[in-house]
Amino acid sequence: MFAKLILKRGESAYGYDRAKISKETSFLGLISNILVALLKVVLYIFTGSISILSDAVNNITDCVSSIISIFGIRLAAKPRDKDHPYGHGRLEYLISLVVSGIVLSVGFQFLKTSVGKILHPVAIYYPKFTLVTLILTLAIKFWQASLYSKVARKIDSVTLKAQEKDSLSDTLITSVVIISIIIEKFTGKILDGYVGLIVALFILYTAISLIYETISIILGRGLSDETKHEIKSKVSTYEGISNVHNIMATDFGPDNIVVIIDAVLDYNLTLEEAHNIVDKVEREVSDLLGIRLIIHPEPRGSGSKIINSISKDLKKIVRESLNIYSFHDIVLEDKRIYIDIDYNADSVKKREGKDALKKEIKDKLKSIYPDYEFEINLDAIF
């Protein structure tokens, strides 16, 4: 219900207002985290349990994370300016790193405290309302994870996805605490320190996973195979375009992903005709997929006899090689010919292997066309 309400409030004629939706979702998460943390702090006061305290402090860090997210998302939504012509969207990824860093530090702290409790165990008294209260906080956390999940997938928010994972890990942590209390009640075995250790390890795992995922995006993780396939499928449906390849993406934030592709058009089209086709595809596919698409057109066929002849021989070379997928962009300048080759980057990884593959292609072409020099550029296909 809350997810639908927030998404509806954030709708506009141009789609979803991601900043507004993210802020309202994070604010709702903040309120629920404060409630959960307060309930667990009260339990700790009555019990002195390190496992309950570690769970409570983990929820307190969630409160801090929500506050950082609210202000950070607002900063990330700032429009582009002279110093930042591509906007401030990457701040959302930096916010995720800050949130993950907070979680990581908490995990290490409770790892240390829990080991101390294992070495020096203390009997814990749990009042009757302990389990009821913990089950209530568990239900709140499940609801919170569901809220983050529904909203994050609608607006593709890395920050909300991170908070969703954090909420799910919290449900696991609280579940372990509940189980340990039940076991301790019926067996008399003091498990508080061991459960605190498990909680700490959960926290550390969650933080490291979030850090890895966010850094991967910042470093240029690229598009998923599904997204690449979708772009190729959409672009290839347009009349006049074939053989879409060389998909490159630059992520300036979830709302500003620039995708550059090579697309083949008939060589005998006029410049105006080619421009009109490319412009139409860029505009319509960008609106459809929520990206900024840029197309580099390449000619299919050529008025040059030598290029057509080389193309036929290259097709034979591709068929005979296990490490070459295709070729494109054959450019003739005087007696020098430039060719782009798509190669199997999973098989040819080292520089020596790439140099050997270039030499192999050059030697084969040179043996057929001794009067020409060849420059081979390798494009990695994973």
Side-chain angles (χ1 to χ4, degrees), residues 1-12 15-37 55 58-70 72-74 76-77 89 92-100 102-103 134-176 178 199 202-203 205-217 221 223-227 230 251 253-255 257 289-290:
M1 181 181 73
F2 283 99
K4 288 182 179 179
L5 180 61
I6 291 172
L7 289 168
K8 187 174 182 180
R9 282 171 52 84
E11 280 184 330
S12 68
Y16 287 119
D17 184 340
R18 294 183 69 259
K20 181 179 179 180
I21 291 172
S22 296
K23 281 188 291 184
E24 291 188 0
T25 305
S26 294
F27 182 75
L28 200 55
L30 173 61
I31 298 300
S32 56
N33 277 328
I34 290 173
L35 175 61
V36 169
D55 199 6
N58 182 44
N59 295 139
I60 292 171
T61 63
D62 293 340
C63 297
V64 176
S65 299
S66 296
I67 293 170
I68 292 174
S69 298
I70 290 169
I73 290 167
R74 184 175 181 179
E92 189 164 335
Y93 304 140
L94 296 179
I95 294 162
S96 294
L97 278 181
V98 172
V99 171
S100 303
I102 293 170
V103 176
L134 287 176
I135 291 171
L136 175 61
T137 64
L138 188 64
I140 294 172
K141 273 295 178 178
F142 268 118
W143 168 82
Q144 189 185 84
S146 175
L147 173 69
Y148 287 140
S149 175
K150 291 175 182 177
V151 177
R153 276 149 186 75
K154 278 289 185 180
I155 66 173
D156 192 25
S157 170
V158 174
T159 301
L160 292 181
K161 286 178 183 178
Q163 290 179 312
E164 175 201 350
K165 286 185 177 181
D166 192 32
S167 296
L168 287 174
S169 69
D170 290 346
T171 63
L172 290 174
I173 291 170
T174 304
S175 297
V176 171
I178 291 172
V199 172
F202 265 122
I203 294 171
Y205 173 77
T206 301
I208 292 170
S209 297
L210 294 175
I211 289 171
Y212 173 81
E213 182 178 349
T214 307
I215 289 178
S216 180
I217 294 173
R221 178 176 58 186
L223 301 172
S224 65
D225 291 337
E226 293 79 8
T227 303
E230 188 174 15
D251 193 331
D255 279 338
I257 299 175
L289 301 182

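A search for side-chain contact (heavy atoms from CB on, under 4.5 Å) contacts involving F142 returns L138, T171, not counting sequence neighbours. With sequence neighbours excluded, the residues forming a side-chain contact (heavy atoms from CB on, under 4.5 Å) with I208 are L104, listed by chain and number. S32 pairs by the side chain to side chain donor-acceptor pair (under 3.5 Å) definition with Q144, not counting sequence neighbours. Scanning for side-chain contact (heavy atoms from CB on, under 4.5 Å) contacts around L94 gives L91, L97, I218, with sequence neighbours left out. Scored by the salt bridge (Lys or Arg N to Asp or Glu O under 4.0 Å) test, K154 finds no partners at all (sequence neighbours excluded). Not counting sequence neighbours, S216 has no partner by the side chain to side chain donor-acceptor pair (under 3.5 Å) test.
Within the 4.5 Å cutoff, no side-chain heavy atoms of V151 are placed close to those of E24.
Distance CG/L147 to CD/E164: 10.0 Å, rounded to 0.5 Å. Here N59 contributes atom CG and S167 contributes atom OG; the two are 9.0 Å apart, rounded to the nearest 0.5 Å. Note: W143 CH2 to L28 CG = 4.0 Å, rounded to the nearest 0.5 Å. T25 contributes atom OG1, which lies 12.0 Å from atom NZ of K150 (distance to the nearest 0.5 angstrom). Between the CG atom of D55 and the CD1 atom of I60 there is a distance of 10.5 Å, given to the nearest 0.5 Å. With values rounded to the nearest 0.5 angstrom, T227 atom OG1 is found 8.5 Å from L289 atom CG.
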Candidate pair I31 and L35, rule side chain to side chain contact (heavy atoms under 4.5 Å, CB included), full reasoning: CA-CA 6 Å; I31 298 300; L35 175 61; 5.9 Å; no
With side chain to side chain contact (heavy atoms under 4.5 Å, CB included) as the criterion, how do S209 and E213 come out once you've worked through the C-alpha distance, each side chain's angles and the decisive distance to 0.1 Å? CA-CA 6 Å; S209 297; E213 182 178 349; over 6 Å; no
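Nearest heavy-atom pair, L134 versus T174, reported as atom, atom and distance to 0.1 Å: O-CG2, 3.7 Å. Between A145 and L168, the shortest heavy-atom distance links the atoms CB-CD2, 3.7 Å. Heavy atoms only, all atoms of each residue included: Y93 and T214 are closest at O-CG2, 3.0 Å.
The only member of D170, I135, V36 that meets side-chain contact (heavy atoms from CB on, under 4.5 Å) when paired with I140 is V36.
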